[in-house]
Amino acid sequence: MSARALLFLAATLSGLAATAQGDQERAQADLARMQRQLQSSRSEGERLLDLRMRHDLGLPTDSADRTFRQATPTSSEAMERMHQELRDQEAENLTLVERFEKLRSAVDQLRADAAAKQAGTADPDAVTEIPSAGGAPKSGLPRGERPFPTPESETVVPDAASKAQKAMPDAVLDPVAMHASIDPVRAQIHGSTDHQRVAHALFKAGQALMDRAVAVRDRAAVTKDPALLASAKELDERGKDRLRRALDELAPLLKEKEPAFEALFCKGRCLELLFRHSERHEGLSLTGTPREWQQREQQVRDPFLMIAARDVTKAGSRGEAEVLGPWGKAAQSAIEHFRWMNVNASYDALAAIRAITWPGEKDQ
């Protein structure tokens with residue numbers, strides 16, 4: 001072999017070695033970058049999970065949150081100023097709630113008129129089917145009528161709506177803006193045999209009615225109007241009816257050997273709202289009816305415990321650790337929230353503030 005051939009072979013080998021070394025360095029750099037991204041993603045996920053749990057439990061979001069801290073010493077002037085600010089805020093809230101009720105009544109009236117006009121132009125012989133809770137569908141509902149009226153449509157008061165329209169003749173009513181907080185419509189239910197979807201719709205309707213009852217009771221506490229209390233109780237009863245029907249709709253799904261997580265979670269939320277309804281209107285309490293209270297509490301916890309027991313995955317290099325899946329974590333958070341509400345729901349910040357006194361207060 002000539003010297004020239006030897007030199008060419010040596011140069012080729014050197015080039016291959018340099019290329020291999022460069023590829024190895026790039027692979028190591030890519031591996032280090034991906035490890036940093038993985039660590040960053042894990043840290044962000046843990047931070048978001050911690051913030052979600054703090055939000056659900058009503059805790060401060062971080063150490064910089066000064067919600068429960070007083071920066072300066074409290075004096076009688078500062079206390080009187082805070083009381084006045086609280087009264088002003090309550091009056092402003094009451095004004096906003098009344099305005100909201102007027103606008104909602106006007107929107108409901110417009111929707112009712114549009115539905116009536118559409119029903120008048122529809123084919124009178126066309127029918128559709130609606131499902132009954134826990135049973136087979138039954139026919140006979142004319143097309144154009146809604147099988148499951150929303151809470152907003154059931155509380156339409158024509159007199160109140162006409163008064164609202166007269167009081168605000170130039171107002172532009174935007175139904176989308178008025179109901180921006182409501183979940184978007186995913187599907188129209190006309191003769192649906194999807195028990196899960198129907199049960200979820202009934203649960204959302206019951207939850208909305210009970211939330212509205214809370215707002216009406218808050219107004220009654222400010223205005224001292226007994227009619228508002230009666231209206232709040234009626235809303236609670238209607239919400240209870242929706243939740244009972246949701247449980248009836250879930251019954252076929254819960255009879256399976258391993259019910260779906262969606263059905264179990266919906267059952268737990270329905271039972272939780274019914275538990276709160278019994279506490280509010282039926283005298284259910286740990287001191288008055290301890291045995292029934294504990295039984296009902298366990299009934300609420302059981303569906304969430306079933307989810308947490310099933311939604312478990314193996315983790316670790318050898319699979320020796322068990323980690324909750326997304327449904328298991330959600331069920332665990334629901335159990336903790338339910339427990340926290342049972343312990344701390346009776347706390348009233350306003351009562352604690354108004355109970356503060358100072359020397360010479362009665363002499364003023």
Side-chain angles (χ1 to χ4, degrees), residues 52-53 55-58 131-135 148 150-151 183 194-214 217 232-311 324-346:
R52 176 60 187 270
M53 294 182 65
H55 177 270
D56 292 342
L57 298 177
S132 59
F148 295 102
T150 60
D183 290 341
D194 189 340
H195 295 287
Q196 179 62 45
R197 178 175 294 176
V198 175
H200 185 72
L202 289 169
F203 162 72
K204 295 291 287 186
Q207 185 182 41
L209 286 167
M210 290 189 171
D211 289 344
R212 191 183 304 170
V214 172
R217 270 193 299 273
K233 185 176 181 181
E234 180 184 359
L235 289 171
D236 273 336
E237 292 300 325
R238 289 164 53 192
K240 177 183 177 181
D241 175 68
R242 302 302 190 281
L243 296 173
R244 291 292 187 188
R245 289 163 57 187
L247 290 175
D248 292 340
E249 195 68 28
L250 288 172
L253 303 178
L254 297 173
K255 290 180 180 179
E256 298 178 1
K257 184 178 181 180
E258 290 188 352
F261 292 150
E262 294 89 341
L264 290 172
F265 204 92
C266 186
K267 177 184 177 181
R269 294 291 286 120
C270 291
L271 292 176
E272 182 180 358
L273 292 180
L274 290 173
F275 182 89
R276 301 301 176 205
H277 179 275
S278 298
E279 282 186 324
R280 187 176 298 115
H281 298 292
E282 299 173 2
L284 182 65
S285 66
L286 182 59
T287 57
T289 55
R291 184 173 182 180
E292 183 181 0
W293 191 92
Q294 292 174 357
Q295 290 177 349
R296 293 283 298 276
E297 183 192 31
Q298 188 61 38
Q299 290 176 1
V300 175
R301 290 162 51 89
D302 283 344
F304 299 124
L305 291 175
M306 292 175 65
I307 295 175
R310 287 171 48 195
D311 190 21
L324 289 175
W327 280 102
K329 292 179 180 179
Q332 192 176 47
S333 299
I335 294 174
E336 182 61 24
H337 178 267
F338 180 62
R339 184 200 65 79
W340 189 91
M341 290 295 294
N342 289 338
V343 175
N344 301 294
S346 60

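- Here the side chains of Leu209 and Glu237 are not in contact, with every heavy-atom distance at 4.5 Å or above.
- Shown here are the salt bridge (charged side-chain N to carboxylate O under 4.0 Å, His left out) partners of Glu234, two or more places apart in sequence or in another chain: there are none.
- Closest approach of Met53 and Ser333 over heavy atoms only: CG-OG, 4.5 Å.
- Residues forming a side-chain contact (heavy atoms from CB on, under 4.5 Å) with Asp241 (at least two apart in sequence, or on another chain): Arg245.
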Practice item. Starting from the C-alpha separation in whole Å, work towards a yes-or-no answer on side chain to side chain contact (heavy atoms under 4.5 Å, CB included) for Ile335 and Leu305. Key: CA-CA 8 Å; Ile335 294 174; Leu305 291 175; 3.5 Å; yes
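- Atoms CD and CD, on Glu292 and Gln299 in that order, are 9.0 Å from each other to the nearest 0.5 Å.
- Legend: residues meeting ring pair (Phe, Tyr, Trp, His ring centres under 6.0 Å) with Phe203, ordered by chain and number and at least two apart, are absent.
- Residues satisfying the salt bridge (charged side-chain N to carboxylate O under 4.0 Å, His left out) test with Lys240, not counting sequence neighbours, are Glu282.
- Closest approach of Ile307 to Gly328, counting heavy atoms only: CG2-N, 4.1 Å.
- No hydrogens or angles considered: nothing links the side chains of Asn344 and Arg339 as a donor-acceptor pair under 3.5 Å.
- The SG atom of Cys270 sits 5.0 Å away from the CG atom of Leu247 when rounded to the nearest 0.5 Å.
- Residues passing the side-chain contact (heavy atoms from CB on, under 4.5 Å) test with Ala263 are Gln196, Leu250, Leu253, Leu254, sequence neighbours excluded.
- Not counting sequence neighbours, the partners of His281 by the ring pair (Phe, Tyr, Trp, His ring centres under 6.0 Å) test are His277.
- For Asp211, the salt bridge (charged side-chain N to carboxylate O under 4.0 Å, His left out) test picks out no residue, with sequence neighbours left out.
- Residues that satisfy the side-chain contact (heavy atoms from CB on, under 4.5 Å) test with Ser285, not counting sequence neighbours, are Thr287.
- Taking both residues in full, the closest heavy atoms of Phe304 and Ala331 are given as O-CB, 3.4 Å, listed atom of the first, atom of the second, then distance.
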**Study point:** side chain to side chain contact (heavy atoms under 4.5 Å, CB included) assessment of Gln295 paired with Gln298
**Key:** CA-CA 5 Å; Gln295 290 177 349; Gln298 188 61 38; 5.9 Å; no
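- Closest of all the heavy-atom pairs between Gly268 and Val300 is O-CG1, 4.0 Å.
- Looking at residues two or more places apart in sequence or on another chain, you find no salt bridge (charged side-chain N to carboxylate O under 4.0 Å, His left out) involving Arg301.
- Atom-to-atom distance recorded for Leu284:CG and Thr289:OG1 is 4.5 Å, nearest 0.5 angstrom.
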Point to revise | salt bridge (charged side-chain N to carboxylate O under 4.0 Å, His left out) assessment of Asp236 paired with Arg276 | key: CA-CA 10 Å; Asp236 273 336; Arg276 301 301 176 205; over 6 Å; no
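- Counting heavy atoms from C-beta outward, Met210 and Leu243 have side chains that approach closer than 4.5 Å.
- The main-chain N or O of Trp327 is found under 3.5 Å from a side-chain atom of Asp311 such that the two form a donor-acceptor pair.
- Scanning for ring pair (Phe, Tyr, Trp, His ring centres under 6.0 Å) contacts around Phe275 gives Trp293, Phe338, with sequence neighbours left out.
- Pairs engaging residues 256-270 under the side chain to side chain donor-acceptor pair (under 3.5 Å) rule: Arg269-Glu272 [sequence neighbours left out].
- Interatomic distance, CD of Glu297 versus CG of Asp302, reported as 10.5 Å (0.5 Å rounding).
- Under the side chain to side chain donor-acceptor pair (under 3.5 Å) criterion, Arg280 pairs with no residue at all, not counting sequence neighbours.
- In this structure, the separation between SG on Cys266 and CZ on Arg197 is 13.5 Å, given to the nearest 0.5 Å.
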Exercise for review: Take Leu274 and Arg244 through the side chain to side chain contact (heavy atoms under 4.5 Å, CB included) test and state the conclusion after the steps.
Suggested key: CA-CA 8 Å; Leu274 290 173; Arg244 291 292 187 188; 4.0 Å; yes
